[in-house]
A.B. asks: 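Below: one structure in structure tokens.
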Amino acid sequence: METLTYRRFLSTADAGWAAAYRLYEASFPPCERRSERDYDAALADGRLHAESVWDGDLFVGLVFWWLADEGYAYLEHLAVEPVLRGHNYGARILHDLCRRAGRVILEIDPPEDEISRRRRGFYERNGFVYNEYDYIHPSYLRPPQPHRLMVMSYPEAISPAEFETFRTFARGVAVEYTGR
């Protein structure tokens, strides 16, 4: 198994952006997606690491994460090409991010159906823990459509103060790079 390669996007004009954005649109609900126009601005922010993931010459997926000043990564989006799901790519991408960043915080849908229960199990098998905080994700749509998500973190639970810092950070990057 080859080492995965990560290619960071600095512009929506970069090679590979179109394929990554197609996967992004197919993988996340509208309220959790930025427009390409919004990404034009967000990609100029050095905290955003929007990366395509490659296994040799094979496009595997994407991982979009923010490096917060407090030293953790906010994993905003992770997606693997549908035909490659179930081949351990998601776990490999997640492992690489955790190794690179150390601390990672992410949001997922509450485990209310089979897919959301499997997603929670995936993250738990990869060392993430559920944090029991009431969390409303700031919508990327205009007009806003905020929705409830649950927060998970690696390698351990986060404190109430860390949660408030995360919530402020996530809201900030959502508002700053949405609806321009």
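Position 1 is the first residue of the sequence; numbering continues from there.
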A.B. asks: Would a 4.5 Å heavy-atom cut-off, applied to side chains only, mark Tyr21 and Phe9 as touching?
C.D. replies: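 With C-beta onward as the side chain, the pair stays apart.
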A.B. asks: Before accepting this row, confirm whether a basic side-chain N of the pair Arg167/Glu164 lies closer than 4.0 Å to the acidic partner's carboxylate O.
C.D. replies: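 Between Glu164 and Arg167 there is a salt bridge, with a charged N closer than 4.0 Å to a carboxylate O.
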A.B. asks: Parallel, tilted or perpendicular for His137 and Tyr140, by the 30°/60° rule?
C.D. replies: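 The rings of His137 and Tyr140 stand perpendicular, inter-plane angle above 60°.
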A.B. asks: Can you check whether Val175's main-chain N or O pairs, donor with acceptor, with Thr178's side chain at less than 3.5 Å?
C.D. replies: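 Looks like no, no N/O pair under 3.5 Å.
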A.B. asks: Taking the side chain as every heavy atom from C-beta outward, state whether Leu4 and Tyr89 have any atom pair closer than 4.5 Å.
C.D. replies: yes
A.B. asks: Is a salt bridge present between Arg37 and Asp40, judged by a nitrogen-to-oxygen distance below 4.0 Å?
C.D. replies: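 Between Asp40 and Arg37 there is no salt bridge, as every charged N stays at least 4.0 Å from the carboxylate O atoms.
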A.B. asks: Just wondering, do Phe166 and Tyr135 contact through their side chains at under 4.5 Å, heavy atoms?
C.D. replies: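 SC-SC contact between Tyr135 and Phe166 confirmed.
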A.B. asks: Any sub-3.5 Å donor-acceptor pair from Ser116's side-chain atoms to Pro110's backbone N or O?
C.D. replies: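 Flag set: sc Ser116 to bb Pro110 pair under 3.5 Å.
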A.B. asks: Whether Glu51 and Arg100 form a salt bridge (side-chain N of Lys/Arg under 4.0 Å from carboxylate O of Asp/Glu) is what I want to check.
C.D. replies: yes
A.B. asks: If the threshold is 4.0 Å, N to carboxylate O, is there a salt bridge linking Glu124 and Arg119?
C.D. replies: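 Judged by the 4.0 Å cut-off on N to carboxylate O distance, Glu124 and Arg119 do not form a salt bridge.
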A.B. asks: Considering only heavy atoms from C-beta outward, does the side chain of Glu132 approach that of Met150 to under 4.5 Å?
C.D. replies: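 In short, these two side chains do not touch, never coming nearer than 4.5 Å.
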A.B. asks: Please check if the side chain of Tyr24 supplies one atom and the backbone of Arg34 the other of a donor-acceptor pair under 3.5 Å.
C.D. replies: yes
A.B. asks: Once you measure the plane-to-plane angle for Phe128 and Tyr154, does it fall in the parallel (<30°), tilted (30-60°) or perpendicular (>60°) bin?
C.D. replies: tilted
A.B. asks: Do side-chain atoms of Glu176 reach the backbone of Val173 as a donor and acceptor pair under 3.5 angstrom?
C.D. replies: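 Side chain of Glu176 to backbone of Val173: no pair is present.
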A.B. asks: Give, for atom CG of Asp55 and atom OG1 of Thr3, the distance between the pair rounded to the nearest 0.5 Å.
C.D. replies: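 So the gap between those two atoms works out to 9.0 Å.
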A.B. asks: Tell me the closest heavy-atom pair linking Arg92 and Tyr6, and the distance in Å.
C.D. replies: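 That closest heavy-atom pairing would be O-OH, 4.0 Å.
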A.B. asks: Donor-acceptor pair, Asn131 side chain versus Ile158 backbone, under 3.5 Å?
C.D. replies: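 Indeed, once roles are kept as given, a pair shorter than 3.5 Å links the two residues.
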A.B. asks: Within this structure, what is the CZ-CD1 distance for the pair Arg148 and Ile136, rounded to the nearest 0.5 Å?
C.D. replies: 3.5 Å
A.B. asks: Using the six-membered ring of Phe28, assess whether NZ or CZ of Arg33 lies under 6.0 Å from its centre and within 45 degrees of the ring axis.
C.D. replies: no
A.B. asks: I want to check something: taking the side chain as every heavy atom from C-beta on, are Trp17 and Ser52 in contact at a cut-off of under 4.5 Å?
C.D. replies: no
A.B. asks: Is any side-chain heavy atom of Arg120 less than 4.5 Å from a side-chain heavy atom of Asp109?
C.D. replies: no
A.B. asks: Measuring from Cys98:SG to Leu75:CG, what's the distance to the nearest 0.5 Å?
C.D. replies: 8.5 Å
